[in-house]
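Written below as structure tokens is the structure these notes are about.
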Amino acid sequence: MAHYLQLIISCISLLFLILLVPTNSENTTTTFTKPHPSGFLENLEGCKKGETLAGIRELKKYLNKFGYLNYHSSKAHDNDEFDDFLEAAMKTYQANFNLNVTGTLDSETISKMAMPRCGVPDIVNGTNTMRINKKRHHHHTSRKNLHTVSHYTFFPGSPTPRWPVGKTTLTYWFDETTPSDAKPAFVRAFNRWASVTQYFSFSETQYYDSSDLTIGFASGDHGDGHPFDGPGRVLAHAFKPTDGRLHCDADESFSIGAIPNSNYIDLVSVAMHEIGHLLGLGHSSVENALMYPTTRPGVSTDIQYDDLEGMRALYNF
Ligand SMILES: *[C@@H]1O[C@H](CO)[C@@H](O)[C@H](O)[C@H]1NC(C)=O
Ligand SMILES: [Zn+2]
Ligand SMILES: [Zn+2]
């Protein structure tokens, strides 16, 4: 009888094991699996101008990192006072992410801030990249029932940072920090950009000296002035043309392809977003656009109409 029971338990365990093995061969996870931090800013829910609460300096640090706080002294934001600057920064953030512009830290704003996102600031040198081009490039395309508003943006600068005319073939180089099982994600992402744009083509090179783009993985401070933050929140960042650097946060749990209902971030989608930056796109306030700053675990994002329109406008193809 006891043996019988043991056999049944073994069978059940085996069944569970079979169910747990991913069946989609396209989706393979890399080796980093660290827990995501929770409770970010939650104790500050409802705080607003005039209040002083322990932890407000974390809110300031967050907004400062993405360009929203523009204090003249870096020490000015190292305190827990909810001042006028912070309220203005909150409102800009809320407008960029299509939240209610209240200036108070409501639960929707906290949820948005807790989401995994790209490390490239939304405001660069005082220019709100998520809004400025909204006015300059507010395209209304009417084609039968199609009515689309584009919100793609570029990096600020004159001339607008882009790859030179005629430079349509770009080579990329993986540095020694890139896990070998992460490389196929980038190959897929480059192929996608090539096939959608029909303008750029990409190929891997083994030689750093002749590469246009470089890809690497790093933890925390890695020498470019934009330290990563451990598991969660900032996933990756990339530089404007023609810098070519793309870095992923090595502390994230990445998968190659989305694994629905998991805590894994799809590296293919992250790579496509960051390649968008390498090619000259800034952040978009269109929520389903590839260049929208935030993402979620277990989902994949693709190049959308908004992103392609941005590329067409930047490169005239
Ligand atoms: C905005 O405020 C309204 C009314 O209070 C609320 O119903 C809605 O959920 C809010 N939307 C967001 C995105 O916060
Ligand atoms: Zn980005
Ligand atoms: Zn970096």
Side-chain angles (χ1 to χ4, degrees), residues 41 45-46 48 65-68 90-91 93-124 127-131 133 151-156 161 173-178 189 193 213-230 233-241 243-252 265-296 301-304 306-307 310-311:
L41 301 177
E45 188 176 333
K48 54 182 184 295
K65 186 176 194 159
F66 300 111
Y68 289 88
M90 286 288 300
K91 286 181 173 175
Y93 180 89
Q94 288 166 333
N96 278 356
F97 287 90
N98 310 310
L99 300 163
N100 290 329
V101 181
T102 58
T104 65
L105 189 63
D106 51 30
S107 62
E108 282 84 3
T109 307
I110 292 174
S111 301
K112 183 53 84 175
M113 288 178 170
M115 282 177 82
R117 64 159 289 163
C118 170
V120 173
D122 305 329
I123 299 178
V124 182
T127 301
N128 186 349
T129 65
M130 287 177 76
R131 293 184 78 76
N133 293 325
H151 294 312
Y152 60 77
T153 69
F154 309 131
F155 287 95
W173 176 79
F174 293 112
D175 77 16
E176 67 289 348
T177 61
T178 309
W193 270 113
L213 314 170
T214 61
I215 296 155
F217 281 64
S219 293
D221 192 351
H222 53 283
D224 61 10
H226 303 279
F228 284 131
D229 55 2
R233 290 206 282 289
V234 173
L235 307 171
H237 58 218
F239 292 78
K240 67 187 178 189
D243 183 298
R245 281 174 295 167
L246 188 166
H247 300 149
C248 293
D249 187 344
D251 290 326
E252 302 304 332
I265 300 281
D266 173 26
L267 185 58
V268 181
S269 302
V270 170
M272 278 198 291
H273 176 104
E274 299 306 331
I275 292 166
H277 287 313
L278 292 179
L279 298 177
L281 291 180
H283 284 148
S284 171
S285 51
V286 171
E287 267 193 81
N288 71 351
L290 176 66
M291 297 315 291
Y292 191 66
T294 63
T295 188
R296 280 178 292 130
T301 49
D302 196 2
I303 300 162
Q304 303 295 324
D306 187 61
D307 310 298
M311 288 295 282

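Order of listing sets the numbers, starting from 1, for every ligand and every atom in it.
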Practice prompt. Take T109 and M90 through the test side-chain contact (heavy atoms from CB on, under 4.5 Å) and record every step on the way to the result.
Written response: CA-CA 9 Å; T109 307; M90 286 288 300; 3.9 Å; yes
Discussion item. At less than 2.8 Å, how many protein N/O/S atoms surround the Zn ion (ligand 2)? Leave waters out.
Written reply: 4
Worksheet entry | Every residue of the protein that comes under 4.0 Å of ligand 1, judged on heavy atoms | N100, E108
Practice prompt. Establish, from distance only, whether the side-chain atoms of T177 and D175 form a donor-acceptor pair under 3.5 Å.
Written response: yes
Worksheet item: Considering residues, nucleotides and ligands other than K112, do more than 12 of their heavy atoms fall under 6.0 Å from its NZ?
Response: yes
Discussion item. With rounding to 10 degrees, what does the angle H222:NE2 / the Zn ion (ligand 3) / D224:OD2 come to?
Written reply: 110°
Discussion item. When you compare the side chain of M272 with that of V270, does any pair of heavy atoms fall below 4.5 Å?
Written reply: no
Fill in: the Zn ion (ligand 3) - closest N/O/S atom in H247
ND1
Item to complete: Could you tell me which residues satisfy ring-ring contact (aromatic ring centres under 6.0 Å, His included) with Y68, sequence neighbours excluded, listed by chain and number?
Response: Y93
Discussion item. Less than 4.5 Å apart, side chain to side chain, heavy atoms only: is that true for S285 and N96?
Written reply: no
Discussion item. Within the structure provided, determine whether M113 and L105 are in side-chain contact (heavy-atom separation under 4.5 Å).
Written reply: yes
Discussion item. How long is the straight-line distance from CG of D306 back to CG of N288, given to the nearest 0.5 Å?
Written reply: 8.0 Å
Discussion item. I'd like to check the ring-ring contact (aromatic ring centres under 6.0 Å, His included) partners of Y292; sequence neighbours left out, ordered by chain and number.
Written reply: F97
Worksheet entry | V234 vs K65 side-chain heavy atoms within contact, under 4.5 Å | yes
